[in-house]
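In what follows, a structure is listed as structure tokens, so that the remarks can point back to it.
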Amino acid sequence: QKEVEQDPGPLSVPEGAIVSLNCTYSNSAFQYFMWYRQYSRKGPELLMYTYSSGNKEDGRFTAQVDKSSKYISLFIRDSQPSDSATYLCAHEGSGNTPLVFGKGTRLSVIA
Amino acid sequence: DAGVTQSPTHLIKTRGQQVTLRCSPKSGHDTVSWYQQALGQGPQFIFQYYEEEERQRGNFPDRFSGHQFPNYSSELNVNALLLGDSALYLCASSLNYRNEQFFGPGTRLTVL
């Protein structure tokens with residue numbers, strides 16, 4: 001089983017919609033979870049950094065971690081065309097790997 | 001405050017050649033990690049440097065090597081390039097090898 005599973009999309013939504021992006025992971029021991037946003041041909045930009053279970057909110061973005069089901073989510077409220085990008089989830093690695101990433105979900109917000 | 005910078009932006013090489021990529025970490029950061037991102041994939045960890053030593057290494061062959069300098073900047077070297085080495089190479093910096101990592105814009109390497 002891959003360490004982090006993420007639906008690659010593409011996901012297309014109208015401007016103003018609420019977007020839900022999700023990942024599942026395999027090892028319940030992990031504590032640190034991140035969401036990165038990556039625009040085309042650019043480096044990933046850290047959006048949200050969370051520890052253990054619960055919610056964290058930053059403006060239009062909310063990150064949610066459910067350790068019991070090994071599920072992490074990113075919600076984007078009032079989505080804008082500028083939110084169109086690939087969203088990568090990640091968690092701390094085990095053994096010799098600092099971060100383990102999902103494949104990313106490509107999001108398009110249509111004006 | 002400058003973020004993570006990488007050079008060059010793009011690079012085209014042929015099979016068998018060697019390449020060196022460079023990274024300057026975010027101001028105040030002392031740890032540099034390198035990742036390889038193939039098209040349509042998430043970044044894959046190559047190795048991490050802290051205090052001028054390789055601290056951790058992912059599942060990459062010895063053709064991939066690196067170095068960290070006293071000013072915390074870093075280089076990634078790849079020898080005997082293969083077509084499969086074509087990817088976006090990302091450098092990330094952090095403080096005291098914490099998980100909160102900040103990425104540079106990447107170097108896009110094309111191997112012909």
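The chains referred to below are lettered A, B, ... by the order of the sequence lines, with proteins before strands, and numbering in each begins at 1.
The shortest non-hydrogen separation linking Leu46(A) to Glu100(B) is CD2-CG, 3.6 Å. Contact record, Leu90(B) with Gly43(A): CD2-CA, 3.8 Å, taken as the closest heavy-atom pair. Smallest separation of non-hydrogen atoms from Leu88(A) and Gly42(B): CD2-CA, 4.0 Å.
Contact annotation for Tyr35(B): only side-chain heavy atoms (C-beta onward) come within less than 4.5 Å of a heavy atom of chain A. Interface remark: Pro44(A) contributes backbone and side-chain atoms alike to the contact with chain B (heavy atom separation under 4.5 Å). Neither the backbone nor the side chain of Gln6(B) comes within less than 4.5 Å of any heavy atom in chain A.
For CG of Leu112(B), the number of neighbouring non-hydrogen atoms (other residues, nucleotides, ligands) closer than 6.0 Å is greater than 12. Under a cut-off of 6.0 angstrom, the local environment of CZ in Arg15(B) is sparse, with at most 12 non-hydrogen atoms contributed by other residues, nucleotides or ligands. Under a cut-off of 6.0 angstrom, the local environment of OH in Tyr72(B) is sparse, with at most 12 non-hydrogen atoms contributed by other residues, nucleotides or ligands. By the neighbour-count criterion of 12 heavy atoms within 6.0 Å, atom CG of Asn71(B) is densely surrounded, having more than that number from other residues, nucleotides or ligands. The number of heavy-atom neighbours closer than 6.0 Å to CZ of Arg106(A), taken from other residues, nucleotides and ligands shown, is 12 or below.
Hydrophobic clustering (side-chain heavy atoms under 4.5 Å, transitive across Ile, Leu, Val, Met, Phe, Trp, Tyr) groups Ile76(A) together with Val13(A). Residue Phe75(A) is not grouped with residue Leu107(A) when hydrophobic side chains (ILVMFWY) are merged at heavy-atom distances under 4.5 angstrom, including chains of intermediate members.
If you run side chain to side chain contact (heavy atoms under 4.5 Å, CB included) between Leu88(B) and each of Arg41(A), Lys42(A), Gln38(A), only Gln38(A) comes through.
Taking Tyr32(A), Tyr36(A), Tyr39(A) one by one and counting their heavy-atom pairs under 4.5 Å with chain B, the maximum is reached by Tyr36(A).
No side-chain heavy atom of Pro98(A) sits under 4.5 Å from any side-chain heavy atom of Thr31(B).
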